K.L.:
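Sharing a structure here in structure tokens format.
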Amino acid sequence: MATEIPASAEAKRRAYWRTNLTILAVLLAVWFLASFGCAILWADALDAFRIPGTGFKLGFWMGHQGSIYIFVLLIWIYIWLMNRLDRRYGAGEEFTHQGEDI
């Protein structure tokens with residue numbers, strides 16, 4: 001038998017997940033632009049630029065290494081943003097052990 005969640009807790013949960021999905025949508029859009037856009041769609045246009053000190057064309061580099069670096073950076077940004085969000089709403093592992101699940 002499920003217990004009914006108070007309106008304030010339900011509003012808090014909805015706000016948490018709305019913010020969570022917004023973060024995901026923005027980061028996935030950046031990932032798509034970096035991996036598909038820069039590495040595939042705009043690779044020829046980016047090849048007009050070279051990475052200083054290496055001589056590599058920017059489109060080639062984005063297709064082979066740049067998009068991977070951006071992906072790893074996005075993982076770190078996601079971790080940082082989710083830790084902030086969890087602290088803001090009192091969620092996360094350190095809070096769920098105390099019974100304050102969001």
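Bear in mind the structure is a predicted one, so any value in this text is a computation, not a measurement. In this chain, residues are counted from 1 in sequence order.
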K.L.:
Would you kindly confirm whether Ile70 and Ile77 end up in one hydrophobic cluster when ILVMFWY residues are joined by side chain heavy atoms under 4.5 Å apart?
P.N.:
yes

K.L.:
Could you check if a side-chain atom of Thr19 sits within less than 4.5 angstrom of a side-chain atom of Tyr89, using non-hydrogen atoms only?
P.N.:
yes

K.L.:
Transitively linked via ILVMFWY side-chain contacts under 4.5 Å: Leu21 with Leu81?
P.N.:
yes

K.L.:
What side-chain donor-acceptor pairs closer than 3.5 Å can you find for residues 31-52, not counting sequence neighbours?
P.N.:
{"unit_1": "Ser35", "atom_1": "OG", "unit_2": "Trp31", "atom_2": "O", "d": "2.8"}
{"unit_1": "Asp47", "atom_1": "OD1", "unit_2": "Gly59", "atom_2": "N", "d": "3.1"}
{"unit_1": "Asp47", "atom_1": "OD1", "unit_2": "Phe60", "atom_2": "N", "d": "3.1"}
{"unit_1": "Arg50", "atom_1": "NH1", "unit_2": "Gly55", "atom_2": "O", "d": "2.5"}

K.L.:
Mind checking side-chain contact (heavy atoms from CB on, under 4.5 Å) for Ile75 and listing every partner two or more places apart, or none if nothing turns up?
P.N.:
Phe71, Ile79

K.L.:
Using the rule that two of Ile, Leu, Val, Met, Phe, Trp, Tyr join whenever any of their side-chain heavy atoms come within less than 4.5 Å, decide whether Trp61 and Leu73 are in one cluster.
P.N.:
yes

K.L.:
Determine whether Arg88 and Arg84 make a side-chain contact, defined as any pair of heavy atoms from C-beta on separated by less than 4.5 Å.
P.N.:
no

K.L.:
Group every Ile, Leu, Val, Met, Phe, Trp and Tyr by side-chain heavy-atom contacts under 4.5 Å, then state whether Trp80 and Leu85 land in the same group.
P.N.:
yes

K.L.:
To the nearest 0.5 Å, what is the distance between CZ (Phe56) and NE2 (His64)?
P.N.:
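Atom-to-atom, Phe56:CZ and His64:NE2 are 10.0 Å apart.
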
K.L.:
Who pairs with Tyr78 by side-chain contact (heavy atoms from CB on, under 4.5 Å), at least two apart in sequence or on another chain?
P.N.:
Asn20, Ile23, Leu24, Leu27, Met82

